[in-house]
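These numbers were taken from a predicted model, which means no experiment stands behind them.
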Amino acid sequence: VVEVVIYEPPEDAKEFVIVDEKEKKIPFQVYGSSKELRKIIEKEENPFAIRPIALFFDAHLGHEYLQGCFTAYSIPPFGFKVYWLQESESVVFEDAVKVKKEDNKAVLENEFYRLEIDGKSGALISLYDKVQKKEFVPEGEKFGLLSIWQEEPHRMSAWEIGAITHIENLESGGKIEIKEKGPVRGVVQYHNKYKDSTFTLNIILQRGIPEIKFSLEVDWLERGGPEKGVSSLKVSFPLNIENPRAIFDIPFGNIERPTNGKEVPAQKWVDVHDAKDNVGVTFVNDHTYGHLSLIHISEPTRPLYISYAVFC
């Protein structure tokens, strides 16, 4: 998905469409604007924390713009494709991403997946793969559940994970809302708090892309000490796979490791699939080298942005 910023758009422009080199129309979704950002700036206690900072300043200085996105297909390796943005009458695309919210639950659906999201925990209670015709979340489990792991006091807590004395799952107190709803992507946003720390999680499903994207913003303010130890933030993904085989990305190659529940080092991805039918999922992340759970934060930090994705 390509994100673009349109500066000084025509005042009467309502709809846009992307046209490729073969004159095929591709949906374009507007998801933000300078006017909307100014409303946020007025309410925000610390507006300079708004990201991206360049768009914050442009809105603050009175520039007008729209933020939008579209899906680019079949880009050649080391090459490019040309697309044109045009004003258009309203166009209905049948394969648009579907988003709906009922009470404190939400459903995201595209041509590949149907997701059910629990609003209290922000985790998936269902991940149904339409292509493989398989449910990947075990019954009664939560996929992508955030949890707090309390370590007993030990030395070098910034480098080593100590013995775990208590685990607290963030299964209550959360709220969800539909952040984006359009022909290109649907975004469900989850908010929660743990003591002094806050979490904002975007669950993103895109048109034409077999990927479930999670974008987590963490303002982690928990502090440990020599008497009580430290707390760590984790996210876990239980899988409905009977004969799991796990392959991990490592420097200059990959390695197979046993699926015994222990946290192990890896780099950008881990693939878990059924050894009999090869059906499974691949986890990709941009932040951590630990895989049992994709996040490990134990020291207070400035707001941190973490992205991870799941491919079935």
Check this for me: [X], atom [atom1], are more than 12 non-hydrogen atoms of other residues, nucleotides or ligands nearer than 6.0 Å?
X    : atom1 : result
N278 : CG    : yes
K81  : NZ    : yes
E102 : CD    : no
E242 : CD    : no
F80  : CZ    : no
E8   : CD    : yes

Minimum heavy-atom separation for [X] to [Y], with atom names?
X    : Y    : value
G229 : P153 : N-CG, 3.6 Å
V17  : I26  : CG2-O, 3.3 Å
V1   : C69  : CG1-CB, 3.7 Å
Y113 : K130 : O-CE, 4.1 Å
N169 : S147 : OD1-CB, 3.2 Å
L145 : L170 : CD1-O, 3.8 Å

Test item: side-chain donor near acceptor, [X] and [Y], under 3.5 Å:
X    : Y    : value
H154 : E152 : no
E151 : S232 : yes
N192 : Y190 : yes
Q189 : T200 : no
D20  : Y73  : no

From [atom1] ([X]) to [atom2] ([Y]), nearest 0.5 Å:
X    : Y    : atom1 : atom2 : answer
E21  : E23  : CD    : CD    : 11.0 Å
I212 : F112 : CD1   : CZ    : 11.5 Å
L205 : E180 : CG    : CD    : 12.5 Å
K276 : R245 : NZ    : CZ    : 14.5 Å
I247 : D249 : CD1   : CG    : 11.5 Å
H166 : I148 : NE2   : CD1   : 9.5 Å

Using modelled atom types only, decide if a donor and an acceptor are shared between the side chain of [X] and the backbone of [Y] within a distance under 3.5 Å.
X    : Y    : result
N243 : A275 : no
D118 : I125 : no
N110 : Q206 : yes
S197 : L221 : yes
K213 : N202 : no
Q29  : V184 : yes
S88  : E15  : no
N104 : G174 : yes
K120 : G122 : no

With side chain to side chain contact (heavy atoms under 4.5 Å, CB included) as the criterion, how do N254 and W269 come out once you've worked through the C-alpha distance, each side chain's angles and the decisive distance to 0.1 Å?
CA-CA 10 Å; N254 58 74; W269 58 264; 3.8 Å; yes
Decide side chain to side chain contact (heavy atoms under 4.5 Å, CB included) for I117 and V107; before the verdict, give the C-alpha distance in whole Å, the side-chain angles of both, and the deciding distance to 0.1 Å.
CA-CA 6 Å; I117 305 164; V107 174; over 6 Å; no
Linked, directly or transitively: [X] and [Y] (ILVMFWY side chains, under 4.5 Å):
X    : Y    : value
I204 : I209 : no
V137 : V279 : yes
V2   : Y31  : no
V131 : V97  : yes
I6   : I18  : yes

Is there a side-chain contact between [X] and [Y] (heavy atoms, below 4.5 Å)?
X    : Y    : result
V4   : L85  : no
K133 : Y128 : yes
D196 : E222 : yes
Q267 : F248 : no
L37  : Q67  : no

Run through I176, L216, L124 and flag the one making a side chain to side chain contact (heavy atoms under 4.5 Å, CB included) with I203.
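Among I176, L216, L124, the one that satisfies the side chain to side chain contact (heavy atoms under 4.5 Å, CB included) with I203 is L124.
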Exactly one of N240, L239, I241 should register a side chain to side chain contact (heavy atoms under 4.5 Å, CB included) with P138. Which one does?
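Only match with P138 under side chain to side chain contact (heavy atoms under 4.5 Å, CB included): N240.
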For a side chain to side chain donor-acceptor pair (under 3.5 Å) with S126, tell me which candidate from R114, E139, E135 qualifies.
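So, applying the side chain to side chain donor-acceptor pair (under 3.5 Å) to S126 and each of R114, E139, E135, only E135 qualifies.
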Ion pair E177/K179, N-O distance below 4.0 Å:
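No.
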Could you go step by step and tell me if E64 and R38 meet the salt bridge (charged side-chain N to carboxylate O under 4.0 Å, His left out) rule?
CA-CA 10 Å; E64 301 298 337; R38 288 190 194 103; 3.2 Å; yes
May I ask you to decide if the ring planes of F143 and F237 are parallel, tilted or perpendicular, using 30° and 60° as cut-offs?
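Answer is perpendicular, since the angle exceeds 60°.
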For F16 and F28, take the angle between the two ring planes, folded into 0 to 90°, and tell me which bin it lands in: parallel under 30, tilted 30 to 60, perpendicular over 60.
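Rings of F16 and F28: perpendicular, as their planes differ by over 60°.
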Within 45° cone and under 6.0 Å: K134 NZ/CZ vs F136 ring
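The answer is yes; both the distance and angle limits are met.
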Hey, mind stepping through K234 and I167 against side chain to side chain contact (heavy atoms under 4.5 Å, CB included) and telling me if it holds?
CA-CA 10 Å; K234 306 276 189 176; I167 298 176; over 6 Å; no
Begin from the C-alpha positions of D58 and V5 and carry the test side chain to side chain contact (heavy atoms under 4.5 Å, CB included) through to its verdict.
CA-CA 11 Å; D58 284 346; V5 179; over 6 Å; no
